[in-house]
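Okay, structure first, notes after.
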Amino acid sequence: DQSKEILSLVVEFKELMMMYKCAIKEIKTKFEVLDTEFKIRYQRNPINFINTRLKCTTSIIKKMTRKNIPFTLENIEKYIHDVAGVRVICSYVDDIYSIAEALIKQDDIKLITKKDYIAHPKSNGYRSLHLIISVPVYFAEQKKNMKVEVQIRTIAMDSWASLEHQLRYKQQIANGEEIAEHLKECAELISDIDSRMLDIRTKIEANSSDPTEEEILLKKL
Ligand code: 0O2
């Protein structure tokens, strides 16, 4: 009897993970569509790349244990907002907000929470825009609203976050405070570079009068 119960929980858990995987696909496609449209309109891609990940079972259990949440499928859906994760790496800071707004205003997307760690960086220097959204996914027999955590940041913010994430797992660092201070300084330098790159792009766009291929063709016709 107990084996049956465990087996049925395993089957249902696998099904839930499949649903999160599908939600990731939906959101990834939405970003790819926006990137394609943007490229046609503005002759450049706002998105550099998109990474997706499904939280592994161990990490889900760890998080639930840490937060004292009993392990049930209902509780995963209710309390663990980052089972499905989509990370979007943009070229410039303004692209982050344009892409986020374009996603949020889609009428099948429900915004649950928004954390702007760019306007308000974390004390260690971490910068990124975080959205928890819900998206309907259509399966053969049902429609299900699934939560997805979206992290949007620039290439520079992403490289800082990746290195800082790796360093955090290196235990017993001597001069921990000093290193944290250096990391924070690096985050500030990176943020300065991001705003300078945006300034340069804005200046180039303001001076650029290059006609598009279509404009050249139109003049000839
Ligand atoms: P992993 O391994 O990347 O999945 P939550 O604990 O998620 O319920 P919280 O902590 O308020 O709620 O969420 P928040 O602040 O939105 O952060 C969630 C995720 O953002 C983290 O997931 C990291 O991926 C990333 N993040 C947040 N702060 C930092 C930071 O200081 N440095 C780096 N490198 N990443 C950060 P996880 O589950 O912690 O980790």
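Values reported hereafter were calculated over all heavy atoms of this structure, with side chains retained and with hydrogens, waters and symmetry mates removed. Counting starts at 1 for both ligands and their atoms, following the listed order. From a predicted model like this one, the values you see are computed outputs, not experimental measurements.
- Per-residue contacts place A161 under 4.0 angstrom from the following atoms of ligand 1 (heavy atoms of the residue considered): 34 (N).
- Relative to atom 7 (O) of ligand 1, the option among Q166, K63, E149 with the closest non-hydrogen atom is K63.
- By the 30° and 60° cut-offs, the orientation of the rings of W160 relative to Y126 is tilted.
- D35 CG to I99 CD1: the interatomic distance, rounded to the nearest 0.5 Å, is 6.5 Å.
- Inclusion of S162 in the set of residues having an N or O under 3.5 Å from an N or O of ligand 1 is not warranted.
- Listed by number with element, the atoms of ligand 1 under 4.0 angstrom from any heavy atom of K55 are 4 (O), 38 (O).
- At least one heavy atom of Y117 lies less than 4.0 angstrom from ligand 1.
- Close approach of ligand 1 to K122 is summarised as follows: ligand atoms under 4.0 Å from at least one heavy atom of the residue are 27 (C), 28 (N), 29 (C), 31 (O).
- Near Q151, meaning under 4.0 Å from any of its heavy atoms, are these atoms of ligand 1: 19 (C), 20 (O), 23 (C), 24 (O), 25 (C).
- Here CG of D199 is found 10.0 Å from CZ of R201. Values are rounded to the nearest 0.5 Å.
- Atoms of ligand 1 lying under 4.0 Å from at least one heavy atom of D82, given by number and element, are 38 (O).
- Taking CG of L54 as the reference point, atom CD1 of I24 lies at 5.0 Å (rounded to 0.5 Å).
- From F139, atom CZ reaches atom CE of M19 across 5.0 Å, with rounding to the nearest 0.5 Å.
- The CE atom of M157 sits 7.0 Å away from the CZ atom of R127 when rounded to the nearest 0.5 Å.
- On a distance-only criterion, N124 and ligand 1 share at least one N/O pair closer than 3.5 Å.
- Considering each of R53, K62, R127, the one bringing a non-hydrogen atom nearest atom 4 (O) of ligand 1 is R53.
- If you take OG1 on T52 and NZ on K25, they are separated by 10.0 Å, rounding to the nearest 0.5 Å.
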